[in-house]
Colleague: 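Questions regarding the structure given below will be posed in turn.
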Amino acid sequence: MPLRRSLLMRLLAVSVLVSVCSIAATAWLTVRSTTVAIQQEQGQALADDARTYDALVGYAATHPNWDGARQAVSDLARKIKHRITLTTEDRTPILDSDTGPISLPAKPTAVIDPLSVDGALVTDSPTDHIDPRAVGPYRLTRTEHDTLRSAAQRRAACLRNVSFAITTKIVESPSGRPRVETDDHGLDLSSRCDAPVLDGPTRTEAKALTRLGKLVHTCLAHQRQPDVKLGLDFSWTPLPGPAGVTSQETRAGGTTRDVPAVATSQETARDSAKSRKIVQDCVTSGRREQLAPYVAPTALMFVSSRGSTPSTIFDLSQSNQARIAGVAALVLLTTVTVTALAGIRLIGPLRALTGAARRMEEGDVSARVDIERGDEIGRLATAFNAMSERREQLENLRKAMVSDVAHELRTPLSNIRGWLEAAEDGVVEPDRSLMTSLLEEAVLLQHVIDDLQDLAMADAGALRLHKERIGVPDLVAQVVTAHTGSADAAGVALTAHAEGHPEFLADPMRVRQAVGNLVSNAVRHTPRGGSVRVCSRLDGDHVVIDVEDTGSGIAAEDLAHVFDRFWRADKSRSRATGGSGLGLSIVRKLAEAHGGTVSAASEPGRGSVFTLRLPT
């Protein structure tokens, strides 16, 4: 084989290509990582920036100014090991975690404004971008908090009394309002355990909501929109609209707005979306105006490196370049060596398999390979040996079948020829008895040919089935009736027994043929005075037909061959007593064509049981 087509050379070429590419990529990454500019550490660790931003936003949301934030800023800078600087919007310093001159970057890391949080730095950013910790005038007094806390505890105890399977938990919002959470999200708290104090606003909250309602009303009036009623969660519902409206459209939070009856569906949808946006904008702007006196002023946050800025470029020295080249050459050499060894180990078994396949192609059906490995090559060798063994078995079976077919056809043809030659020579008279004998031999010959044709059609998948609903007891009775004459002539008692009256979908002619073959086989192998019993029953979604006989039985080592073609347990049996040797093979093919199975069980000296299972 040319080297360019050799598998070993291909493996070496691929390994060299992969090695060169990997070395080049590694070298490129190394050079890039050592020559990239070390920019100012603004935004270097997003997690640190997000944690710092969240902490400072939380402080600004709960304090009206930055006077007491120095210690918090210093602690954060120490944790993230960076310098944190806060300035006003015009870059006037407010707080700095380090001493020394301040060199502010061109762009701040973030803007600290609890009334407009940055969604990129907050995992669960609220839709209105107002930090939930900014509660301002909604913060409960100690008395209100204690009252609501007691009501929440009573509700939790009530829910636990309703069902021991309910798990309750009291959670407090940033304003200090407690609420009861359960693991049953569909539970109606107000109907099960009523607590008006817990469900309604406190005096502090009512006062703050009234103030917010005025701000929202003023905003809506400027937009020529009807007023709304606000809830504790800042959802809103419409107040009764002016007369003359006949339909409503839904707003955010489950509210509706009256629209003219003459409006089209598209106009209604546009007006609804516009109305919802106006109301939501007014609620958001009102909240910001209400909370502004209670939060710290907007500040710019700068996160930068501590100390002097290091050099932004690393140059590779000649010694480092030589070291990289040496390592690359060593990696390439190791890759080629390992690939060569692996290729030799791989190619050896493949060559053995190729040689065995060629021997099999030349007609040596006993070709095998001796490869004992646990990898894919070993499994391939095992599969090849199994295929070769199966082919040898099939070849032996083919030869035996050809011999058996020749033998089965030779006997009736020899008899027919002998009688005809005798009649031609005038040895016998061509009378009625001779014609009868010739007819019997012709019928026997036709029987063998029909059996072979049935098997050929089944093997080719051309066996057509004409299925219909048939009753099992009726079918069995027909078969028993048809074989009663031959059973009586052989001195065998043939009976039928049915459990219930099951029905199934099948080809009645083919099923009768299969059961008839089993019955005739049982009668033929049952001595005079014995019995054959055909039983039918329903087993789950299968119809089961058992043919039991009291014959001589079958040896255990022969049970696996009873359905083979031209097989007989007694090799000395003649056609007159042993049949064609194809009946049981035909039964198996007919059962498989119906999606069923046939099996045999036997005990020498006590008879045999052949079981046909067909799906209903």
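Atom set for the values below is all heavy atoms of this structure, side chains included, hydrogens, waters and symmetry mates excluded. By convention here, the first residue in the shown sequence is residue 1.
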Colleague: Look only at the side chain of Ser531 and the backbone of Ala493, and say whether a donor-acceptor pair between them is shorter than 3.5 Å.
Modeller: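 Looks like no, no N/O pair under 3.5 Å.
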Colleague: Under a 3.5 Å distance rule, please check whether Asn517 uses its side chain to pair with a backbone N or O of Leu584 as donor and acceptor.
Modeller: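 Not a single qualifying donor-acceptor pair exists.
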Colleague: Taking atom CZ of Arg512 and atom CG of Asp474, what is their separation to the nearest 0.5 Å?
Modeller: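 Arg512 atom CZ to Asp474 atom CG measures 10.5 Å (nearest 0.5 Å).
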Colleague: Going by an N to O cut-off under 4.0 Å, is there a salt bridge joining Arg537 and Asp546?
Modeller: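 Judged by the 4.0 Å cut-off on N to carboxylate O distance, Arg537 and Asp546 do form a salt bridge.
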Colleague: Does NZ belonging to Lys467 count more than 12 external heavy atoms closer than 6.0 Å?
Modeller: yes
Colleague: Quick one: does Phe610's side chain get under 4.5 Å of Asn521's, heavy atoms only?
Modeller: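 The answer is yes, as the side chains (C-beta and beyond) meet within the 4.5 Å cut-off.
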Colleague: How about Glu468: does its CD atom have over 12 heavy atoms from other parts shown lying under 6.0 Å from it?
Modeller: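 Yes.
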Colleague: For Val369 and Asn385: C-alpha separation, side-chain torsions, deciding distance, then whether side chain to side chain contact (heavy atoms under 4.5 Å, CB included) applies.
Modeller: CA-CA 7 Å; Val369 290; Asn385 289 336; 3.3 Å; yes
Colleague: Which heavy atom in Ala496 sits nearest to a heavy atom in Val476, and how many Å separate them?
Modeller: CB-CG1, 3.9 Å
Colleague: Just verifying a value: how many Å separate Leu518 CG and Leu612 CG, rounded to the nearest 0.5 Å?
Modeller: 6.5 Å
Colleague: Would you check if Arg390 and Met387 make a side-chain contact, meaning some heavy-atom pair closer than 4.5 Å?
Modeller: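 No; the side chains remain at least 4.5 Å from each other.
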Colleague: Is there side-chain contact between His483 and Ser520, with at least one heavy-atom pair below 4.5 Å?
Modeller: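 His483 vs Ser520: side chains touch.
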Colleague: Answer yes or no: is there a side-chain heavy-atom contact under 4.5 Å between Leu494 and Val492?
Modeller: no
Colleague: May I ask you to test the Val479-Val534 pair for a side-chain heavy-atom distance under 4.5 Å?
Modeller: no
Colleague: To the nearest 0.5 angstrom, please state how far the CZ atom of Phe504 sits from the CG atom of Leu614.
Modeller: 5.5 Å
Colleague: Is the side chain of Ser536 donor-acceptor paired with the backbone N or O of Val472 at a distance under 3.5 Å, no angle test?
Modeller: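 Answer holds: no.
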Colleague: Is any side-chain heavy atom of Leu538 less than 4.5 Å from a side-chain heavy atom of Val543?
Modeller: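 Of all side-chain heavy-atom pairs linking Val543 with Leu538, at least one is under 4.5 Å.
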Colleague: Applying side-chain contact (heavy atoms from CB on, under 4.5 Å) between Phe384 and each of Met360, Glu389, Arg368, report the one that passes.
Modeller: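 Between Phe384 and the candidates, side-chain contact (heavy atoms from CB on, under 4.5 Å) is satisfied uniquely by Met360.
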Colleague: For the residue pair Gly551 and Pro527, what are the closest heavy atoms and their distance?
Modeller: CA-CD, 3.8 Å
Colleague: Write down the atom of Pro508, the atom of His466, and the distance for their closest heavy-atom approach.
Modeller: CD-O, 3.7 Å
Colleague: At what distance, to the nearest 0.5 angstrom, does CG of Leu76 lie from CG of Asp48?
Modeller: 10.0 Å
Colleague: So do the side chains of Pro473 and Pro502 get within less than 4.5 Å of each other, counting heavy atoms only?
Modeller: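 Yes, close enough: below the 4.5 Å cut-off.
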Colleague: What do you reckon, is CZ of Arg432 surrounded by more than 12 foreign heavy atoms closer than 6.0 Å?
Modeller: no
Colleague: Would you say Asp541 and Thr616 are linked by a side-chain donor-acceptor pair, where the criterion is simply a distance under 3.5 Å?
Modeller: no
Colleague: Does His497 have more than 12 heavy atoms from other residues, nucleotides or ligands lying within 6.0 Å of its NE2?
Modeller: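 Yes, enclosed.
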Colleague: Indicate yes or no for a side-chain donor-acceptor contact from Ser388 to the backbone of Ala367 under 3.5 Å, with no hydrogens or angles considered.
Modeller: yes
Colleague: Looking at Arg51 and Asp54, is there a salt bridge between them, counting it only when a charged N and a carboxylate O are closer than 4.0 Å?
Modeller: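 Not counted as a salt bridge, because no side-chain N and carboxylate O are separated by less than 4.0 Å.
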Colleague: For the atom pair CZ (Arg359) and OG1 (Thr354), what is the distance rounded to the nearest 0.5 Å?
Modeller: 11.0 Å
Colleague: Tell me the closest heavy-atom pair linking Ser602 and Gly607, and the distance in Å.
Modeller: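 Where Ser602 meets Gly607 most closely, the heavy atoms are OG-O, 3.1 Å.
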Colleague: Is there a donor-acceptor pair under 3.5 Å between the side chain of His594 and the backbone N or O of Asp507?
Modeller: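 Yes, His594 side chain to Asp507 backbone: donor-acceptor pair under 3.5 Å.
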Colleague: Looking at CZ of Arg510 and NZ of Lys589, how far apart are the two atoms once the value is rounded to the nearest 0.5 Å?
Modeller: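 Arg510 CZ to Lys589 NZ: 13.5 Å, rounded to 0.5 Å.
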Colleague: When you measure from the side chain of Thr167 to the backbone N and O of Thr182, does any donor-acceptor pair fall under 3.5 Å?
Modeller: no
Colleague: Check whether Arg524 reaches the backbone of Val519 with its side chain - one donor and one acceptor, N or O, closer than 3.5 Å.
Modeller: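 No, Arg524 side chain to Val519 backbone: no donor-acceptor pair under 3.5 Å.
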Colleague: For Val523, is there any backbone N or O sitting under 3.5 Å from a side-chain donor or acceptor partner on Asp549?
Modeller: no
